[in-house]
Protein chains: 2
Amino acid sequence: MVVEQLESPDPDAVVEAAKTAFRNGAMLTVEAECEVEYEGRTSGYLGPGDRILVAKPDGTFLVHQPTGHKPVNWMPGGGSVSTRVSEGEPVLLARRSNPTERVEVRIHECYGLTRFDATDGATYEESGTEAEMHEYIAENPDVLEEGLRIVEHERETKYGFVDFYAVDANGTPVVVEVKRIQATLNHFDQLQRYVSLYEDGKTPAESPGGGVTAGDGVRGMLVAPSASDRVKRALRDNGLEFVGLSEFGLDAKGSTEAKLTDF
Amino acid sequence: MVVEQLESPDPDAVVEAAKTAFRNGAMLTVEAECEVEYEGRTSGYLGPGDRILVAKPDGTFLVHQPTGHKPVNWMPGGGSVSTRVSEGEPVLLARRSNPTERVEVRIHECYGLTRFDATDGATYEESGTEAEMHEYIAENPDVLEEGLRIVEHERETKYGFVDFYAVDANGTPVVVEVKRIQATLNHFDQLQRYVSLYEDGKTPAESPGGGVTAGDGVRGMLVAPSASDRVKRALRDNGLEFVGLSEFGLDAKGSTEAKLTDF
DNA sequence: TTTTAAATTTCGATA
DNA sequence: TATCGAAGTTTAAAA
């Protein structure tokens, strides 16, 4: 039997079923009216209400309210979930260390419980990621600029990794930062930090602010499908460049399409 | 009846129950062997395996494998979920626009299904957030530095928001960036960006790199519980300062403790 | 609606 | 194990 369902189980039955699920490495789903407390990186409390609780064999624990993508409380995998009856009510406790934290759920009324002996060997295959954008640029540097030549991919520097270190048609070095999504101020920051490392023979300590602009012997290029005006201005003000690149690797991006029948 | 459970429902029963749940604004949970396809910001495919599916009345849709905190596929709230039988199998389709994307789940075998008429009026109360850290600093600026005076909180600048704009005992301006967690290079970037705006009478365009270091008439201070060596070096090299601050607002942080009985 | 930054971010790769 | 950066990030707040 892959699934065992209980309707309105009493506290002892809830704890018993939960223990069976944990012991057998099954997934546990509980529909219940409950109270939740979290103590760890921050602390919080959620008063009584109806939620779905999910416990996975890897220690993952989720508390889902009737709305919202994110669980209102949770515990990432790696920890452990335990259960017991306390003051006549079932309690689920999810714990982990590093960081030390805990989520405790006190169940006032359990409407339903499902134990699920799930088997899943499949892994998610994704297309259209930033890694694929990198591949596309590495193979087609001309889409950024005519005559651009990639010298190094993922070059490590003192302050972090540069996506691409390239040289333009005139032999001028170009530091390239690539983003799959609309560029943000933080992305501008990143490029600025990397560019600051490529001053001619100067260390950041010798060049207050670590700043370098076009003309100092190195160019900085932020590649993304779009950017807000503020980001574009920040780039311009600091002698950096924006290159819009929205379409890339279309073949790869569409490779997993049409595997399921369309509606 | 708050919960209705079906065990091994046939395709028509799955679709019927799902439609009832969507119509009544109930939460739907399905244990099933299924295949998943996503098309939107990227695209992806997940082969057959056992998963838990959750549909919420706000359009949220989640596909959970037996491990991991994050759903392998999902749709945030705001869209809609529909269902129908296709080629003899139940199919769940979650869609939204802006951005346009869709998750389609083809159910090969449904082990269990639960409809849950959930009512939850409670909201999560949290302590120990960065906002509270700001309050604590605003009320106790001396924990950063003796004689420091806060001039403005959340000051908007040309390139973003400065957490605190302050003045030290000597009257020198201090730009303060606050982080609740260990400081990262991106946090250093943020501070560097803000500090670059406070040069004496110079616009960033007039000061290549927008860089400013101690001595230029403005100080930059990154406040966090800790920072990696690389971050500390980046700060030092650029004339910026690190202030360790781990304990803050203990009273507030502990205010929600002990609401549930300890184990 | 767009922008901006936080998040109990999680997750994966790398040193 | 710590660090660093991506993510279909999501969420909330502000303009």
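Per chain, numbering begins at 1; letters A, B, ... match sequence-line order. Basis for what follows: all heavy atoms, side chains included, without hydrogens, waters or symmetry-related copies.
- Comparing B:Trp74 and B:Gly77 by the nucleotide of DNA chain D that holds the closest heavy atom to each, the one mapping nearer the 5' end is B:Trp74.
- For A:Phe164 and A:His134, the ring centers are positioned less than 6.0 Å apart.
- Residue contacts shown for B:Pro76 include a base, since a base heavy atom lies under 4.0 Å away.
- Taking every side-chain heavy atom of B:Val231 into account, D:dC4 is the closest of C:dT8, D:dC4, D:dA7.
- Comparing D:dG5, C:dA6, D:dA6 against the side chain of B:Glu130 picks out C:dA6 as the nearest.
- In this structure, A:Ile181 places its CD1 atom 13 Å from C1' of C:dT3, rounding to the nearest Å.
- If you take NE2 on B:His69 and NZ on A:Lys70, they are separated by 7.0 Å, rounding to the nearest 0.5 Å.
- For D:dG5 and C:dA7, the C1' atoms lie 16 Å apart once the distance is rounded to whole Å.
- From B:Asp189, atom CG reaches atom CZ of A:Phe188 across 9.5 Å, with rounding to the nearest 0.5 Å.
- Distance CG (A:Asp189) to P (C:dT3): 17 Å, rounded to an integer number of Å.
- Proximity of B:Gln190 to the phosphate of C:dT4: no side-chain N or O atom is located under 4.0 Å from OP1 or OP2.
- Nucleic acid contact for B:Val162: none, since no nucleic acid atom lies under 4.0 Å from a heavy atom of the residue.
- OP1 or OP2 of D:dG8 has not a single side-chain nitrogen or oxygen of B:Tyr45 nearer than 4.0 Å.
- Remark: the A:Thr60 side chain and the A:Asp58 side chain contain an N/O donor-acceptor pair separated by less than 3.5 Å.
- Considering only side-chain N and O atoms, B:Tyr194 lies under 4.0 angstrom from the phosphate OP1 or OP2 of C:dA5.
- Regarding contacts with the backbone of C:dT4, a side-chain N or O of A:Ser228 is found under 4.0 angstrom from either OP1 or OP2.
- When distances run from any side-chain atom of A:His69 to the nucleotides D:dG8, D:dT10, C:dT8, the shortest one goes to D:dT10.
- Distance noted for atom P between C:dT4 and D:dG8: 23 Å (whole Å).
- Ion pairing of B:Arg155 with B:Asp163 is absent here, as no side-chain N (NZ or NE/NH1/NH2) approaches a carboxylate O to less than 4.0 Å.
- Out of D:dT10, C:dC11, C:dA7, the shortest distance to the side chain of B:Arg41 is found at D:dT10.
- Under 4.0 Å is where a charged nitrogen must lie from a carboxylate oxygen, and between A:Glu177 and A:Arg219 no such pair does.
- Between C:dA7, C:dA6, D:dG8, one nucleotide has an atom nearer to the side chain of B:Tyr38 than all others, and that is D:dG8.
- Across all strands shown, A:Met75 has no heavy atoms under 4.0 Å from either base or sugar-phosphate atoms.
- When the P atom of D:dA6 is taken as reference, atom CG of A:Leu222 falls 11 Å away, rounded to whole Å.
- Between the P atom of D:dA15 and the NZ atom of B:Lys158 lies a distance of 19 Å, rounded to the nearest Å.
- Here B:Arg193 does not reach the OP1 or OP2 of C:dT4: none of its side-chain N or O atoms lies under 4.0 Å away.
- Summarising the geometry, the separation between NE2 on B:His153 and P on D:dA14 is reported as 11 Å, rounded to the nearest angstrom.
- Between the CZ atom of B:Phe161 and the P atom of C:dT3 there is a distance of 14 Å, rounded to whole Å.
- Contact annotation for B:Thr129: backbone-only contact, meaning every heavy-atom pair under 4.0 Å involves sugar-phosphate atoms and none involves a base.
- Contact annotation: A:Arg230 does not reach the phosphate of C:dT3 (side-chain N/O to OP1 or OP2, under 4.0 Å).
- One atom, CG of A:Asn73, and another, C1' of D:dT10, lie 16 Å apart when rounded to the nearest Å.
- Using a 4.5 Å heavy-atom threshold, the side chains of B:Tyr38 and B:Arg102 count as separate.
- Whole-Å rounding puts the B:Asn98 CG to C:dT2 C1' distance at 10 Å.
- With distances taken from any side-chain atom of A:Lys179 to the nucleotides C:dA6, D:dG8, D:dG5, the minimum falls on D:dG5.
- With distances taken from any side-chain atom of B:Gln182 to the nucleotides D:dA15, D:dT3, C:dA6, the minimum falls on D:dT3.
- Of the two residues contacting DNA chain D, namely A:Lys70 and B:Asn186, the nearest-nucleotide position lying further toward the 5' end is that of B:Asn186.
- Where A:Arg96 and B:Ala131 each meet DNA chain C at their nearest nucleotide, the meeting point lying more 5' is that of B:Ala131.
- Counting any heavy atom pair closer than 4.0 Å across all strands shown, A:Glu177 reaches sugar-phosphate atoms only and no base atom.
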